[in-house]
Amino acid sequence: MKQFLEGSRVVAEIVKLCKPGVISAYPITPQTHIVEELAKMVADGELVSQFINVESEHSAASVVLGAVATGVRVFTATSSQGLLLMGEVIFNISGMRMPVVLTCANRAISAPINIWNDQQDSMALRDSGWIQIYAENNQEAADFHLIAYRIAEDKSVMLPVMVCMDGFILTHGMEAIDMPEQGQVDKFLPPYNPLYKLDPAEPISMGLLADPGYYMETRYAIQETLEQTLKLIPKVAGEFSSVFGRDYKDCLVEEYKTKDAEKVIVAMGSVCGTVKEVVDGLREKGKKVGLLKIITFRPFPYTRVFEALKNIPKVAVLEKAVSLGAYAPLAVELRACFFNKKKSPKVISSFVAGLGGRDITEQSIKEIFKKLNTKEIALEFIDLKPELIKDEYGE
Amino acid sequence: MENRPLFKSGHTACAGCGQAIAARLVIEAAGENTIIANNTGCLEVFTTGFPESAWGVPWIHSLFENAAAVASGVEAALKYLGKKDTVNVIAQAGDGGTADIGLQALSGMLERGHDVLYVCYDNEAYENTGIQRSGLTPYGANTTTSPPGTVSIGNIHPKKPMIDIVLAHGIPYVATSSAGFPRDIQRKVKKAISIKGPKYIQIHVPCPLGWRHESGKTLDVAKLAVETGLYPLVEYENGVLVSKRQIVPKPVEEYLKVQGRFKHILKNPEELKKVQEIANNNIEKYGLKVQTQ
Ligand SMILES: Cc1ncc(C[n+]2csc(CCOP(=O)(O)OP(=O)(O)O)c2C)c(N)n1
Ligand SMILES: [Mg+2]
């Protein structure tokens, strides 16, 4: 059934259908509407769950860690500073192999303080052992939460999943959504059946000290699992499609008009919608352009991306994140896909745009396609305001 | 499952560790239907070096400052599962993990009213990282970050008033205890877990390495802290003082002189007087002095 809803409400409705027994969160824009909606559902008895209002994101993450360790499905959500404050617990949750699902309403990072969208927050935690999935629109945001729980709780995985959705653009955007029925969700997502839990009947210790004789294998194990997860995600997406009728193919990447393309933009999240419109427009004029959308950023689908782009002459990576002092994070991964490979694009140019919520317009995207005519660009910030740069460092 | 040890020997605590003694008493009093969330610190390190664990109850360590929040999550999950009435939840931590870096999470847990017993093992410094000063390090103590010197007498701050701080949260049970008084610890733990809601017990646990006392003297040192009035044993129910251990106060020197961390204070009459005043204030505040006929 189609419903016209705000993105945050969509996420809350979906989370409700997943029946988490413990929810804990702390307010931060643009995540707040999600947990407010959930609080109301709990208050109205629509969702039976322990909703724990904590005193910080550090504690929100710790509460869901304690609850999932006790054998209960959990949910939390945050953004930006909140995610950074969770940072220590974020690493802990994956290190302890706890299947937490977290919504990151992507937002810029201070300083300067800025509440608008980019993806620096989740990118800052890309090496934490969490699976990261990026939604283009609110239908995907909804569906990816269902897929997230299935993957996180799979006994071969037991790792947390971060569903990333662009702050405001998606969280506060209205869209017509195909809302699943409870029966469908129950069929796709069985109740959480923990592999291990805190239970006096079978006492175990969790979170032990691992000395140099043991520590490295824990990291190796996560690395191995994540590699295997690249095979599981397409399987789960296939099951998803058979239950809900929406096909995300392998759910690792989406190829949009790339088959015969000469130029392809690679991007993640809501900007992909704008890129698709530009691609359609340029295609009408006979230009051979396309989009490769990265859905799963961790684990990174290197082979899949290689296959998708190996015959494309020119590739532009467009991203809303930076790795200050180095090349941009998504561009680094893209270039790594072609390391030591015989087939490769001639040009992989890197563009950073939309930081701190600056609009990425159709014009900006056309500009990027144009720039792909020249030689490879190592890293370029798009749509900078020269007058501001001058003011700051003016002669 | 019958009579399984809840705190196995063979852990790697230092000889004479007061915290090891107290932690064992706590879990044995609480019983096997207990889940523990433990902060980072000596206790966590010496009981759970992989692949060994001293714990015979379900036990979880996450981070240095979040045992209260992890325990809140455990308790919430048990409530959701309908099992809270049959399982006790204990959060436990050192003085640094409680009074300093974990104070916010503790305050949150108390304010939200979780049915959790929080136990602070107060060895009066960050012992696990090598005896640095914490908010519960006593006045004058020599630690590696509050060393006495030509212009310093050591730690210049009094102990953070944790008992007043937790009492201010209006929780149903607050007590102090001491490794020198095993039966007191066990009585208070049993009392605490019989009460619904958040409970706080702070146990004074000598650290032979950090305090520089003989490892065979742990219980004596702990007793002297109580008998001088420097570590009052008190118990509050619903904010009302319901019990206190009364003493015939000994001069504070008797407690200070058996430890190396106060050596410089003993040589400084003016500072010694200040420490005696702290004890006197405690004696006055809680009415600790035995009334003689
Ligand atoms: C966020 C963070 N900061 C610092 C540390 C280092 N650290 C680990 S244990 C510890 C001292 C613990 O002191 P306390 O809580 O008093 O327990 P004790 O070891 O004395 O029993 C410190 C400083 C850490 N693990 N995490
Ligand atoms: Mg300590």
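To find a chain, count down the sequence lines: A is the first, B the second, and so on, and within it residues start at 1.
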Can a donor-acceptor pair be found between the side chains of A:E217 and A:Y215 at a distance below 3.5 Å?
no
Quick check for you: among B:S72, B:A69, B:P58, which has the greatest number of heavy-atom pairs under 4.5 Å with chain A?
B:P58
Selection from B:L78, B:I60, B:I35 maximising heavy-atom pairs under 4.5 Å formed with chain A
B:I60
Using side-chain hydrogen bond (donor to acceptor under 3.5 Å, both in side chains), reason through A:R298 and A:S128 one step at a time and then give a plain yes or no.
CA-CA 10 Å; A:R298 283 291 183 270; A:S128 61; over 6 Å; no
Contact leader toward chain B among A:M96, A:E88, A:K197, where contacts are heavy-atom pairs under 4.5 Å
A:E88
Top residue by heavy-atom pair count (under 4.5 Å) with chain B, among A:L208, A:V74, A:V72?
A:L208
More than 12 heavy atoms of other residues, nucleotides or ligands under 6.0 Å from [atom1] of [X]: yes or no?
X	atom1	value
A:L226	CG	yes
A:K187	NZ	no
A:E46	CD	yes

I'd like to know if [X] and [Y] make a salt bridge, using a cut-off of under 4.0 Å between side-chain N and carboxylate O.
X	Y	answer
A:K40	A:D44	yes
A:E37	A:K16	no
B:E237	B:K191	yes

Which portion of B:A76 sits near chain A, non-hydrogen atoms under 4.5 angstrom
both
Contacting moiety of [X], where chain B heavy atoms sit under 4.5 Å:
X	value
A:S56	both
A:V68	neither
A:N92	side chain
A:I204	backbone
A:V22	side chain

Listed by residue number, which members of residues 100-115 of chain B have a heavy atom under 4.5 Å from any heavy atom of chain A?
B:Q104, B:A105, B:G108, B:R112, B:H114
Tell me the residues of residues 79-98 of chain B whose non-hydrogen atoms fall below 4.5 Å from those of chain A, in number order.
B:K79, B:Y80, B:L81, B:V87
Separation of A:C104 SG from A:W130 CH2 (nearest 0.5 Å):
10.0 Å
Going by the angle between their ring planes, with limits at 30° and 60°, are B:H204 and B:W211 parallel, tilted or perpendicular?
tilted
Classify the angle between the aromatic ring planes of B:H11 and B:F7 as parallel (below 30°), tilted (30 to 60°) or perpendicular (above 60°).
tilted
Applying side-chain hydrogen bond (donor to acceptor under 3.5 Å, both in side chains) to B:D184 and B:S177, what does each step give before you reach the verdict?
CA-CA 7 Å; B:D184 186 74; B:S177 192; 2.6 Å; yes
Lys NZ or Arg CZ of B:R133 over B:Y126 ring: under 6.0 Å, within 45°:
no
Would A:S59 and A:S62 satisfy side-chain hydrogen bond (donor to acceptor under 3.5 Å, both in side chains), going step by step from the backbone distance to the final call?
CA-CA 5 Å; A:S59 283; A:S62 302; 5.3 Å; no
